[in-house]
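When a ligand or atom number is given, it counts from 1 through the structure's own listing order. All of these numbers come straight from a predicted model, not from anything done at the bench. All heavy atoms count here, side chains included; hydrogens, waters and symmetry mates do not.
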Amino acid sequence: MLKVAKFGGTSVADSLQIEKIKSIVEADDDRRYIVVSAPGKRFEKDSKVTDLFYLFKNNLDANLPSDQIWGIIRDRFIAEEIALGNSGIIGKELDIIKQKIEDGETIDYIVSRGEYLNAVLIAKYLGFDFVDAKDLIVLSDSGRPDIKASIENLKKELKSHERAVIPGFYGTDKNGKIKTFSRGGSDITGALVAATVDADIYENWTDVSGFLMADPRIIENPKKISKITYKELRELSYMGAKVLHEEAIFPAKQANIPINIRNTNDPADGGTLITSDVDDTKEEYIIKGIAGSKDFTDITIYKEGLSTERGFVRKLAEIMEDFDITLEHIPNGIDTISAVLKNELVDGRLDEILERIQSVLSPDQIEADEDLAIIATVGHGMSYRPGTAAKLFSALARNDINIRMIDQGSSELNIIVGVKASDFEKAIEAIYREFVK
Ligand code: ASP
């Protein structure tokens, strides 16, 4: 067995957290490659080291005082080093970094130093090799991972390291300059390392015990999802559930490596396991999760004989394309068709869009409603259990919620309903209570 473990910002925020990760790493010999973030928040109002580096660079460029910010960063790392019992490497590293910044190093270099310094410290503390991500992880100019090149480089390098700590979040661009991923990008580094060593599992250690079946701001104490497929996760995250960095999932998924979300503060909890294969035999509930968003507009078009008119849907799609708007859903009836669109894409242009539809499609009537909420109920298990949709709809009916739109994908992975934005929370609650007892 071989495991890659990535520890996020709060898991490596200070020496106490780093002691926890030592116990986690030492509890399982298979955890051989460790990817770390920069120190994150230690308490609610704390600052992430990455944010401090951004602030430092901003102030420097604006000729505002920056020494104090540098002092905070320095003190944090020195305190961490002392508490972990290491001696004297970080001070020198910080001096080198300061000098390089004064010599005009780039923003990407500066903000990547949180990960770099943390990885140096943690490698020493764990007794693992430190392997720099520089020159190994390759990024495009837009900050996306070059998966093939990164894996090739990592493969060569990691051969000679039985156990290593690798800093997340950055690599190099094609000119050999340090380049960072978008925020939260250490997840991507972890997935690339996991794909490189063909890990049996990619553990993503954070401060929650995995994904929840519904938004805890709407449902009190929602159940945890213990196992979910990549596809289900994609549906939930598309509909607004906050999950992993999209790009982080890709390299692991492509290499068929399960991802396990775990909690550094509660290692006994098995967390959420994300896999490619569907295994519903052990599932407690028919559904995996519920997610949604309130910010949709629905444009409904009525035209007699619409169902026999050729090219109607194509023309509608072309109008949307002209406006650079993605058609989220197109539910249709015999003589009606609706276009469900994201509000952010429609804002300020609704009248213009309606006028265009009127002139191109000559409908008998158009109605627009900017207060549509969409709720996706997701789960492979729904596909082979008759009556799931009926249960869902009757739960909504019992709670006096009018369904404005229904869309069940042919994959039967989800049932999507549109309700009035003001019914959003009530509808999620009704669905959750129906399926999770
Ligand atoms: N430290 C970086 C950030 O705060 C990257 C990461 O933690 O994944 O966004």
*For F424 and F296, what are the C-alpha separation, side-chain angles and deciding distance, and is it a ring pair (Phe, Tyr, Trp, His ring centres under 6.0 Å)?*
CA-CA 12 Å; F424 180 66; F296 288 93; 9.6 Å; no

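- Side chains of T300 and S338: a donor-acceptor N/O pair is present below 3.5 angstrom, by distance only.
- With hydrogens and angles left out, the side-chain atoms of Y125 and E19 include no donor and acceptor closer than 3.5 Å.
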Could you pull out the N/O contacts under 3.5 angstrom between ligand 1 and the surrounding protein atoms?
residue  : atom  : partner : partner atom : Å
ligand 1 : 1 (N) : T50     : OG1          : 2.7
ligand 1 : 1 (N) : E115    : OE2          : 2.6
ligand 1 : 4 (O) : T50     : OG1          : 3.4
ligand 1 : 4 (O) : R183    : NH2          : 2.9
ligand 1 : 7 (O) : S37     : OG           : 3.0
ligand 1 : 8 (O) : G184    : O            : 3.3
ligand 1 : 8 (O) : G185    : N            : 3.4
ligand 1 : 8 (O) : S186    : N            : 2.9
ligand 1 : 8 (O) : S186    : OG           : 2.9
ligand 1 : 9 (O) : R183    : NE           : 2.7
ligand 1 : 9 (O) : G184    : N            : 2.8

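- Defined by atom type and a distance below 3.5 Å, a donor-acceptor pair is present between the side-chain atoms of N265 and K20.
- A search for salt bridge (Lys or Arg N to Asp or Glu O under 4.0 Å) contacts involving E425 returns K294, not counting sequence neighbours.
- Between K41 and D51 there is no salt bridge, since no side-chain nitrogen of the basic residue lies less than 4.0 Å from a carboxylate oxygen of the acidic one.
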